[in-house]
2 protein chains.
Amino acid sequence: MTITAEFPGCDDSVRGNLFAVAVDLVVLTVRADELAVLLIKRAEKPFEGSWALPGGFVGPQEDLADTAARELVALVGREPAGHLEQLAGYAGPSRDPRGRVLSVGYLALLPDLADPEPVDDRVAAWHPVTEATGLAFDHDRIVAEGVERARAKLEYTTLAASFCPPEFTVTDLRKVYEAVWRTEIDPRNFQRKVTSTDGFLIPTRTLVTGGRGRPPQLFRRGDAVSLHPPMLREPSRQ
Amino acid sequence: MTITAEFPGCDDSVRGNLFAVAVDLVVLTVRADELAVLLIKRAEKPFEGSWALPGGFVGPQEDLADTAARELVALVGREPAGHLEQLAGYAGPSRDPRGRVLSVGYLALLPDLADPEPVDDRVAAWHPVTEATGLAFDHDRIVAEGVERARAKLEYTTLAASFCPPEFTVTDLRKVYEAVWRTEIDPRNFQRKVTSTDGFLIPTRTLVTGGRGRPPQLFRRGDAVSLHPPMLREPSRQ
DNA sequence: GGCAGTAATCGTCACCTTGACGTTACCGCT
DNA sequence: AGCGGTAACGTCAAGGTGACGATTACTGCC
């Protein structure tokens, strides 16, 4: 197949230097009080047998966000309730031994789901991010940047609720923060902060009975997207 | 030129759907108390005569950051003192009529320079961001995202100093914030904030004489990269 | 030199947020 | 009913910030 018909007006250096473009997903969730990333075991070369981010190539009529959404649906089986945003592009000249591949990382934050089904005969599994090292390609770096993006965004957005099911308690939400930041947060101060922030949480006036202790209230996520003022990871040395 | 030799192990859908990859620069500076972006007048189709972001294709052995740095040097003539970071990837199927082109936006924050020289016979000029509309391709959107990134980063980083020359006064720095945020800031509170933040500003103990009023002190930027606690654009309705 | 003008710098105060931590409310269990 | 456990509410001091007054140190003019 020749491609010289394309890119009229561009010189040969462009036509001779084309890229395959893939989208790689950093799908994060909170499982067992730990931040976890969804990985797929590679069944073919290169990096056969290694764990890698799920991903795929961008289709002929697709935009990047389309590809990311399509792959996310393929992974979790349905239109997910969480959050999806672009991370960055990665295009090191030797990042893929098969040829010149540019990957666009996408970050997805999802509620904890059942164990994932195999995708295209490849094993998929959640891994705590602390143990997700030695991945294929440059996926270690992409995971690291995704995790750092998630950590930072919890500070000044309400995205933590994306890790929660449609209805959740304040404690559920606090455990998300504690898992993502790997810190402990005072439950009383946390409750004051999130319930006093306009539009973060909508009380449903229903209680969760059956557990030990005083039954907590259920909340739904509100319309607010940003936290003003933010909730800072490292306190300002007060 | 055939490309079927590349991408062993990938199916034909990959080989038949390759992208040219370009880097587009959103170069921002503060001129005349306004945030301005560096644009180039296109001399060829498509969008002949329109203003566009400076950019170019990624070379065979280049990483994206290499391309961005190379183009920035070509634009401003020398290794610049400011800041350069990746914005995002843009790959809409019809964003370039010549073919499938993925652009990776890079954001550069520079001190105010002399009027730019023409680049490759194309006119280059600073435009206030408020007037930078109707650009070629999807560059309106890329500029908007770059400006928003810059606005957000001034809140919680010391990047505002990237808009300043090596030595600058507190008022210079405040005018950067005011230009980028399009707000007015109380000079006394601003001075207290930036001079009390450890590592933001290093006093040079030299004064600028010749102007009206009390001569201000000159500062250099310090090692700090983040602002803790941040300086928020919209006050928390105090 | 003395004075007004101007801008940088320092100071003050009230308000808000937050960290630390005590107290009360409401459940299941025995 | 008593108890343990968790949720929810209250209290207080410390620190940061907005609003704004006061002071300082220069230039330019008379």
Side-chain angles (χ1 to χ4, degrees), chain A residues 33 154-156 158 164 167-178 181 183-219 224 226-238, chain B residues 33 154-156 158 164 167-178 181 183-219 224 226-238:
Chain A
D33 294 336
L154 291 209
E155 289 196 312
Y156 57 95
T158 62
C164 296
E167 299 200 331
F168 52 94
T169 67
V170 172
T171 299
D172 293 336
L173 189 65
R174 177 169 51 84
K175 285 189 176 302
V176 166
Y177 274 91
E178 292 180 335
W181 286 349
T183 54
E184 294 210 334
I185 302 176
D186 184 286
R188 299 158 290 191
N189 293 333
F190 182 82
Q191 177 124 6
R192 177 181 56 195
K193 175 67 177 176
V194 296
T195 56
S196 71
T197 298
D198 250 29
F200 194 173
L201 300 181
I202 298 172
T204 65
R205 305 291 174 197
T206 58
L207 302 180
V208 182
T209 55
R212 288 178 307 186
R214 175 174 174 172
Q217 199 181 163
L218 279 178
F219 293 85
S226 65
L227 270 177
H228 261 279
M231 189 170 356
L232 300 177
R233 278 176 280 186
E234 334 166 20
S236 42
R237 81 193 71 82
Q238 216 181 85
Chain B
D33 293 337
L154 291 210
E155 289 196 311
Y156 57 94
T158 61
C164 296
E167 301 200 330
F168 53 92
T169 68
V170 172
T171 299
D172 293 336
L173 189 65
R174 178 169 49 86
K175 286 189 174 304
V176 166
Y177 274 90
E178 293 181 333
W181 286 349
T183 54
E184 294 209 334
I185 302 176
D186 184 285
R188 296 157 292 189
N189 294 334
F190 182 82
Q191 176 123 8
R192 178 181 58 193
K193 174 69 176 173
V194 296
T195 56
S196 71
T197 298
D198 250 28
F200 194 173
L201 301 180
I202 299 173
T204 65
R205 306 289 174 198
T206 59
L207 302 180
V208 182
T209 55
R212 287 178 306 186
R214 177 172 174 172
Q217 199 182 163
L218 278 178
F219 293 85
S226 65
L227 226 47
H228 263 279
M231 190 171 354
L232 300 176
R233 276 176 280 186
E234 334 165 22
S236 42
R237 79 194 72 85
Q238 213 180 92

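Note that the coordinates shown come from a computational prediction; the quantities given were computed from them, not determined experimentally.
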Return no unless some side-chain N or O of K193(A) is found under 4.0 Å from OP1 or OP2 of dT17(C).
no
Rounded to whole Å, how long is the line connecting atom [atom1] of [X] with atom [atom2] of [N]?
X       : N       : atom1 : atom2 : answer
D172(B) : dA8(C)  : CG    : P     : 9 Å
L173(B) : dA8(C)  : CG    : P     : 13 Å
E155(B) : dT17(D) : CD    : P     : 12 Å
Q217(A) : dC9(D)  : CD    : C1'   : 13 Å
R205(A) : dA8(D)  : CZ    : P     : 12 Å
F190(A) : dA20(C) : CZ    : C1'   : 17 Å
H228(B) : dT17(D) : NE2   : P     : 12 Å
N189(A) : dC12(D) : CG    : P     : 16 Å

Which residue, L173(A), T169(A), V170(A), I202(A), forms the side chain to side chain contact (heavy atoms under 4.5 Å, CB included) with F219(A)?
V170(A)
At under 4.0 Å between heavy atoms, what does P203(A) touch on the DNA or RNA strands: base, sugar-phosphate, or nothing?
nothing
Would you mind classifying the nucleic acid contact of T171(B) as base, sugar-phosphate or nothing, using non-hydrogen atoms under 4.0 angstrom?
sugar-phosphate
Just to verify, what does F190(B) make a ring pair (Phe, Tyr, Trp, His ring centres under 6.0 Å) with, not counting sequence neighbours?
Y177(B)
Among all residues two or more places apart in sequence or in another chain, which pass the side chain to side chain donor-acceptor pair (under 3.5 Å) test with T171(A)?
none
Got a sec, which residues hit side chain to side chain donor-acceptor pair (under 3.5 Å) with Q217(B), two or more places apart in sequence or on another chain?
none
What pairs meet the salt bridge (Lys or Arg N to Asp or Glu O under 4.0 Å) rule with one or both residues in residues 185-195 of chain A, with sequence neighbours excluded?
D186(A)-R188(A)
What string of B, S and - do you get for nucleotides 22-30 of chain D, 5' to 3', if B is base contact, S is sugar-phosphate-only contact and - is no contact with any protein heavy atom under 4.0 Å?
--BBBS---
When you measure from the side chain of V170(B), which nucleotide among dG16(D), dA19(D), dT9(C) comes out closest?
dT9(C)
Is there a donor-acceptor contact under 3.5 Å from the side chain of T204(B) to the main chain of L218(B)?
yes
Can you give each donor-acceptor pair under 3.5 Å made by side-chain atoms of residues 209-216 of chain A, sequence neighbours left out, with the distance rounded to 0.1 Å?
none

Polar pair under 3.5 Å, donor/acceptor by atom type, side chain R192(B), base dG11(C)
no
